[in-house]
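Written below as C-alpha cells is the structure these notes are about.
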Amino acid sequence: MRPLALLLWPLVACADPSVDGMTAEDWSAHLSNAAGLGIPEPLRPRDTLVEVLRNGDGQCPAGPTMRLSYSAAFGGCEASTGWVFAGLTEYTGEPPANAPAGSPFHLLADGYIIDPEDNWFILGGELELAVSEAGWVAEVTGSWSYPPAGAWMAHEASVAVWILGDAEGAHQVDGGVNDGEGDVLFFDALTRAGDELDGAVELRDSDGRWTRLDLDAGEGACGELDGGEALCADALLDALDALSDRLEGKE
Amino acid sequence: MSRAALLALLALLSCDRGAVDSAQPWPEDPPTTLVPLDDARLLRRVSLDLRGVLPSLEELDAVEADPAALAELRDAWLDDPRLEQRLVHLLGEQWHTRVDEYLLYFNEYRSFEEDPRLEYPFERAVGEEPLRLMARVAAEDRPWTDIVTGSTTMAHPLTLEVWPLEALEEGEGWVEARYTDGRPAAGVLATNGLWWRYFSTVSNLNRGRAAAVMRLLLCEDLLSRPISFAEGPALVDADGVEEALRANPYCQGCHSAIDPLAASLFGFWAANEYNIHEIDTYHLEREPLGTTLLDVEPAYFGQPVESLGGLGQAIAEDPRFASCAVERAAQALWRRPVAPEDFDRVERLRLGFLEEELRFKPLLAAITDTPEYRAGAHAGSDDDTLAREATARLMTPALLGSALEDLSGFTWTWEGFDQLDNDSLGFRVLGGGVDGEYVTRPQETPSFTQLLVVQRAAEAAARSAVERDFGQGPALLLTRVDPFTRPEDPAFREQLIDLHRRLYGTWPDEARLAAATALWTQVAATSDNNEAWVALLSALLRDPEMVSY
C-alpha cells in the first residue's frame with residue numbers, strides 16, 4: 001500500500017457508506033418494470049385460489065376453502081387429479097362465483113398448492129376487501145405467487161400493501177412490493193386524484209439503499225428524486241388505472 | 001505534519017470509540033475470601049468449560065508436575081475445535097434460542113415431511129444459528145462486534161436445504177453461509193434463528209423483538225423496570241394502548257427507545273407468522289413499514305439508523321455492547337448471575353476486553369483467572385458472598401453428555417432426539433438444563449429428577465464403556481485391565497486410581513479404593529467380571545465428585 005493510501009485508509013474505513021442512490025434513469029427503468037406487473041391487490045390471489053381449488057377431487061382438499069384436517073394441513077394431500085394441497089385457508093364473504101364485483105371478503109392463508117406441472121402456488125398471508133359508505137380498503141399482505149397467475153404473482157412475490165379508495169374515486173396506496181424479479185418498491189401515502197399524484201414512492205437498490213421520489217400534487221405524476229433531480233412517474237398512473245378498474249369491478 | 005496525515009489521525013481517533021482510555025485508572029483488584037480449587041480440580045473445571053470433556057491423565061500429570069502448565073493447557077484449549085460447541089451451549093443458556101418448538105413444524109417443509117427423525121436436528125439447526133455464528137466469531141478470534149455487523153451466518157445442512165442460503169465453505173456439518181434474499185449484513189440480527197425464537201405478531205409490531213435486542217446485546221432488561229399502569233388505558237383497549245405508547249409519559253419511558261428500534265426490524269415482520277415462506281425469508285419491501293405502522297423513524301436511542309445493518313453498526317459502537325458481552329461471559333463461566341458487588345471485577349475484565357480489541361478468547365482466559373472462577377471454598381463468613389458464590393458447579397445435561405461420550409463413546413439418543421438435550425422426548429430440564437422458554441437458568445443444585453437422569457445416563461455409559469473397552473476398543477477408560485483381571489492383580493488397583501483421577505481429578509484415599517473394590521467383588525460374585533465393571537463404573541460416573549466441577 002502506498003504511504004498516502006495508508007494515511008487515508010482510516011478515513012475511508014471509518015466513513016459512512018456512500019449515500020448516493022439510484023440514478024434517475026435506473027429509477028425509471030425499475031419503476032416501469034415493477035409497474036408493468038401491476039400493483040398488488042387482493043382479487044388476483046383470491047380468484048386464483050378459487051380457480052385452483054377446482055382441481056381437488058372432493059377428498060383432497062376436503063372442503064371448498066382448503067380447510068384440511070390437522071395432519072393433512074402440514075403433510076398435505078395429493079388429489080387424484082395430480083394436484084397437491086397443503087395448508088389451511090379461512091375465507092369469509094360471499095362465494096366469489098355469486099358475489100357482485102367489489103363484494104367484501106377476507107381470506108387468511110398458510111400453505112402451498114402444487115399443480116401437475118410442478119408450479120407452486122405459495123399462499124401465506126392475508127387478503128381483504130372491506131367496504132363502507134366512505135369507500136373501501138383493500139389489503140394484500142404476505143407471500144403470494146403462482147406463475148400461471150401472471151402479473152405480480154408470476155414470480156416469488158412478497159407484499160404488504162393497503163389501498164384506500166374514497167367515494168370520489170381518489171386512491172391512496174401504502175406499503176411495499178418485492179416482485180421477486182429485482183424490483184422492490186415502497187409506497188408512502190401515494191395518493192391519486194385524477195391525473196395528479198401525491199405522496200412518495202421509494203425504490204430499494206441491491207445495496208439496500210432506498211431512493212425516494214417525492215410527488216407533488218399540482219405537478220401531474222412528476223416530482224423530485226433524492227438528490228434533487230426531477231422525474232415523472234407516468235408508469236404509475238397506468239398501474240393505478242388498472243388497479244382501480246380491477247377493484248371496482250370494471251375489468 | 002501534513003494536512004492529509006492530520007486528517008487521517010483525526011479519523012482514526014474518532015473511529016476508535018471502543019479504545020481504552022489510558023488515563024483511566026484500572027480499578028483495584030477487590031479483596032476476596034474465596035479459596036481456589038487445587039490445580040487438578042481447577043484444570044478439570046477449565047477443561048469442562050472450554051472443551052466439554054475431562055482432562056486426560058497426561059494433562060493432570062503435567063499440571064501436578066508444574067502448575068504453570070495449567071495456563072498453557074488453558075491457552076491451547078482455547079484453540080480446541082470443541083470450544084465452539086461449548087460456546088453454543090454456554091451462550092444458549094442466555095440467548096434461549098435452543099427451544100423445542102417454533103411457530104411452525106419441521107414437516108411443513110415438503111422435503112422433510114416423510115422423516116420424523118429430522119425434527120430434533122431441524123429444531124437445533126434453527127435455534128443454534130445465532131449461537132454458532134457467535135461461537136465462530138469467538139473461535140476465529142474476530143472482534144466481537146462481528147456478531148452484529150458480519151455479512152455471513154452459520155448454516156446446518158437442513159437449513160441450507162430449505163432456507164435462502166448459500167454455503168461459503170465445504171463441509172458436512174455446520175458451514176459458513178450467506179443469505180441470498182438480500183438481507184443486510186447485521187450478524188445475529190440478520191439470522192432466522194434469532195427471530196424464529198423471538199417472533200412478533202401483527203399487533204406487537206416487533207416491539208418484543210426490540211426488547212430482546214436490548215436485553216441480549218446491551219443487558220438492558222426492560223421487564224426488570226417497574227411499570228405503572230395506573231395512568232394508562234385498559235389493556236383491552238387496543239387503540240388506547242397504541243395511543244398511550246406514543247404519548248403517555250409512563251409508557252414513553254421505555255417505548256421512546258423500543259419503538260424506533262423496532263422500526264428497524266420490519267424486514268422480518270411476517271404477515272402470517274405461521275407460514276414458512278413468510279418467516280424464512282427477509283422481506284425487503286417491508287423495511288420502511290415500521291415508520292408507517294409505528295409512526296416513528298428507525299433509530300437507536302435517538303440516533304437515526306437507515307436499516308437493519310445500521311442498527312448493527314450502532315449497537316457495535318455502543319459502550320454497553322462490550323460491557324454486556326463481558327457480563328454475559330462472566331456469568332457463563334462463574335455459573336451465577338453477575339451482581340453489583342462484582343462491579344470492580346467486571347470493570348477490570350471490560351478494560352482488558354477493550355485492550356484486546358474485543359476478542360472473546362482473551363476474555364475467556366481472563367475470566368478463568370478470576371478468583372470467582374477459581375473458587376473452591378470460602379475462608380470468610382460473609383453471608384452474602386456465601387450465598388452468592390458458586391464454589392461447586394453442577395454439570396448441565398449437555399456437559400454431562402459430552403463428558404460421558406468422551407469417556408465411553410456413549411450418546412443417549414432415542415428416535416433421533418438427544419435425550420440430554422431436548423424436552424419433547426428427552427430429559428433436558430429434568431436433568432437441570434435450560435429449555436429457553438419456561439426454564440431460563442441452569443439448575444445450580446441437585447434435585448431428585450436431576451439425580452435420576454444422571455443415574456440413568458451413568459448406567460448406560462458404564463455399559464457402553466465396558467463393551468467398548470473389552471470389545472472392539474480402543475479402550476478409553478479401562479486401559480489397565482482386561483475381563484480376567486482380579487482385585488489381587490496390581491493392575492486392578494492401578495486402574496481404580498486412574499479412574500478416580502480421570503473422573504474426579506483427585507487421588508483416591510484407601511477408604512475409597514476399598515469401597516470400590518468391595519462393590520466390584522460383590523457384583524462379580526453374583527454375576528461376572530464384566531458386570532462388576534459395569535456396576536462399579538456406573539457408581540463412579542454418577543458420584544457427586546463426577547457431576548460437580
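The shown structure was predicted, so the numbers you read here are calculated from the model rather than taken from an experiment. The chains referred to below are lettered A, B, ... by the order of the sequence lines, with proteins before strands, and numbering in each begins at 1.
In this structure, A/D174 contributes its side chain and B/T292 its backbone to no donor-acceptor pair below 3.5 Å. B/N272 contributes a side-chain N or O that, together with a main-chain N or O of A/A109, makes up a donor-acceptor pair within less than 3.5 Å. Looking only at distances, a side-chain donor or acceptor of B/E278 sits under 3.5 Å from a matching main-chain atom of A/S143.
Neither the backbone nor the side chain of A/L108 comes within less than 4.5 Å of any heavy atom in chain B. For a residue to count as touching a neighbouring chain, one of its non-hydrogen atoms must lie under 4.5 Å from one of that chain's; by this rule A/W120 touches chain B with the side chain only. Of the atoms belonging to A/V161, not a single heavy atom falls under 4.5 Å from chain B. Looking at A/A189, there are no atoms closer than 4.5 Å to chain B (heavy atoms on both sides), in backbone or side chain.
At most 12 non-hydrogen atoms from other residues, nucleotides or ligands lie less than 6.0 angstrom from CD of B/E357. Atom CD of B/E101 is surrounded by 12 or fewer heavy atoms from other residues, nucleotides or ligands within 6.0 Å. Within a 6.0 Å radius of CD in A/E156, no more than 12 heavy atoms belonging to other residues, nucleotides or ligands are found. Heavy atoms from other residues, nucleotides or ligands lying under 6.0 Å from OH of B/Y274 number 12 at most. Within 6.0 Å of the CZ atom in B/F301, the count of heavy atoms belonging to other residues, nucleotides or ligands exceeds 12.
Taking CZ of A/F186 as the reference point, atom CG of B/L284 lies at 13.0 Å (rounded to 0.5 Å). Here B/N275 contributes atom CG and A/I122 contributes atom CD1; the two are 8.5 Å apart, rounded to the nearest 0.5 Å. Between B/L104 atom CG and A/D110 atom CG the span is 8.0 Å, to the nearest 0.5 Å.
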Side chain to side chain contact (heavy atoms under 4.5 Å, CB included) between A/Y112 and B/R110, worked out: CA-CA 10 Å; A/Y112 55 83; B/R110 186 163 171 75; 3.4 Å; yes
Trace of the side chain to side chain contact (heavy atoms under 4.5 Å, CB included) decision for A/W210 with B/E287: CA-CA 10 Å; A/W210 289 89; B/E287 285 179 342; 2.8 Å; yes
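Between B/P184 and A/R204, the shortest heavy-atom distance links the atoms CG-NH2, 4.2 Å.
For chain A, the option among B/E114, B/E273, B/H283 with the highest count of heavy-atom pairs below 4.5 Å is B/H283. Heavy-atom pairs under 4.5 Å with chain A were tallied for B/S307, B/P288, B/A271, B/G310; the largest tally goes to B/P288. Interface remark: of the candidates A/V177, A/L185, A/N178, A/N178 forms the most heavy-atom pairs closer than 4.5 Å to chain B.
Side-chain contact check for A/T141 and B/R286: no donor-acceptor pair (N or O, by modelled atom type) lies under 3.5 Å.
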